[in-house]
Amino acid sequence: HAAAFKPLLYPLQGAIKKATRISYNQFVDDAFSFYQSQWNKDDIKQPVQWITPTQKNNVVNYRYPYTTAGGAVIALKTTNKSIPSLCIIHSDGTEDKISIRDITYDDYFSYNNGKIVYAAYQPDIRWGNRDYSVLKVVDVVSGNEKKISTHSKYFSPDISHDGKAIATVE
C-alpha cells in the first residue's frame with residue numbers, strides 16, 4: 001500500500017495503520033519498547049571484547065569481516081597511514097596481511113572456502129574516458145591474486161561456499 005501511495009499523504013504511516021490496526025505512533029513506541037527489553041536482558045550484558053587495540057593518532061577500520069572455520073577474522077583494513085589491504089586477524093590477536101587491495105569503486109569483497117573475490121578498477125590502456133571493473137580472486141593461504149575477467153563492468157561479487165562459482169552484477 002505504501003508503494004502505491006495509498007493513502008496519498010503519509011503512505012507508510014497509512015499502510016502500517018491498515019496492516020496492524022494501530023496508529024503509526026503506537027507502532028513505533030511498541031517497536032522501541034520491544035527492542036529496549038531485548039537490549040536490557042541479563043544474558044546480553046557481557047563485556048565487549050575488542051579484537052584489536054586502538055592506535056594513537058590513527059584511524060583503523062576493519063570492513064566486511066568474515067569469520068573463518070579456525071576462528072580467525074578476514075577483513076578489509078583501511079587506515080590513515082597505509083593503503084587498503086586484506087588482512088587476517090587470528091584468534092590470539094595477531095594480524096597478518098594477505099594482500100594489498102587494488103583500486104576499487106567500492107570496498108565490498110566476499111570470502112568463502114579460502115578465497116576472496118572483489119571488483120577492481122582498471123582503466124583502458126588507450127582511451128582515457130573508458131574504464132573497466134574486473135574481478136580478482138585472492139587465495140588466503142598463499143596471497144596469490146588472479147584476475148578472472150577482462151574488459152568487464154562487474155560489481156558486488158559474491159563467491160559460493162565451495163569457492164568454485166561467483167555471482168556478480170554486470
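Proximity of D102 to E145: side-chain heavy atoms (C-beta onward) are separated by under 4.5 Å at one or more points. Between Y24 and K17 there is no side-chain heavy-atom pair separated by less than 4.5 Å. Inter-residue side-chain proximity for I116 and V137 is flagged as unmet; no heavy-atom pair is nearer than 4.5 Å. D107 is not listed as a side-chain neighbour of Y118, based on a closest heavy-atom distance of 4.5 Å or more. Contact of the T150 side chain with the K147 side chain is registered, since non-hydrogen atoms from C-beta on lie closer than 4.5 Å. Taking 4.5 Å as the limit, every side-chain heavy atom of V60 sits out of range of all side-chain heavy atoms of N80. Between D96 and I98 there is no side-chain heavy-atom pair separated by less than 4.5 Å. V138 places a side-chain heavy atom less than 4.5 Å from the side chain of L86.
In terms of modelled atom types and a separation under 3.5 Å, the side chain of N61 and the main chain of R63 share no donor-acceptor contact. Of the possible donor and acceptor atoms, one in the side chain of S37 sits under 3.5 Å from a partner among the backbone N and O of F34.
Scanning for side chain to side chain donor-acceptor pair (under 3.5 Å) contacts around S85 gives an empty result, with sequence neighbours left out. Remark: D30 engages I22, Q26 in a side chain to side chain contact (heavy atoms under 4.5 Å, CB included) (not counting sequence neighbours). Scored by the salt bridge (charged side-chain N to carboxylate O under 4.0 Å, His left out) test, K97 finds no partners at all (sequence neighbours excluded). For D29, the salt bridge (charged side-chain N to carboxylate O under 4.0 Å, His left out) test picks out no residue, with sequence neighbours left out. Under the rule for a side chain to side chain donor-acceptor pair (under 3.5 Å), the partners of D92 that lie at least two apart in sequence or sit in another chain are T94. The salt bridge (charged side-chain N to carboxylate O under 4.0 Å, His left out) check on D139 picks up nothing, with sequence neighbours excluded. Applying the side chain to side chain contact (heavy atoms under 4.5 Å, CB included) criterion to D131, with sequence neighbours excluded, gives Y105, Y121, K153. Residues meeting the salt bridge (charged side-chain N to carboxylate O under 4.0 Å, His left out) test with D124, sequence neighbours left out: R130. Here E95 pairs with Y62, K77 under the side chain to side chain donor-acceptor pair (under 3.5 Å) rule; sequence neighbours left out. With sequence neighbours left out, N129 forms a side chain to side chain contact (heavy atoms under 4.5 Å, CB included) with W127. Contacts of S149 classified as side chain to side chain contact (heavy atoms under 4.5 Å, CB included), with partners at least two apart in sequence or in another chain: V134, L135, S152, Y154.
Separating the CZ atom in F109 from the CZ atom in R101 is a distance of 10.0 Å, to the nearest 0.5 Å. Note that the NZ atom of K146 and the NZ atom of K115 stand 8.5 Å from one another [nearest 0.5 Å].
Considering every non-hydrogen atom in both A75 and P65, the closest pair reads CB-CA, 4.2 Å. Heavy atoms only, all atoms of each residue included: S160 and N112 are closest at O-CB, 3.1 Å. The shortest heavy-atom contact between G143 and S99 is O-CB, 4.4 Å. Residues P84 and I100 come closest through the heavy atom pair O-CG2, 3.8 Å. The minimum heavy-atom distance linking P157 with S110 is given by the pair O-CB, 3.5 Å.
Hydrophobic clustering, with ILVMFWY side chains joined whenever heavy atoms are under 4.5 angstrom apart, keeps Y108 apart from F155. One hydrophobic cluster holds both I88 and Y111 under the rule that ILVMFWY side chains link at heavy-atom gaps under 4.5 Å. Linking ILVMFWY residues whenever their side-chain heavy atoms come closer than 4.5 Å, directly or via other members, leaves I89 and I74 in distinct clusters.
Side-chain N/O atoms of N25 and S23 include no donor and acceptor closer than 3.5 Å.
The side-chain hydrogen bond (donor to acceptor under 3.5 Å, both in side chains) pairs that include a residue from residues 64-75 number zero, where partners must be two or more places apart or lie in different chains.
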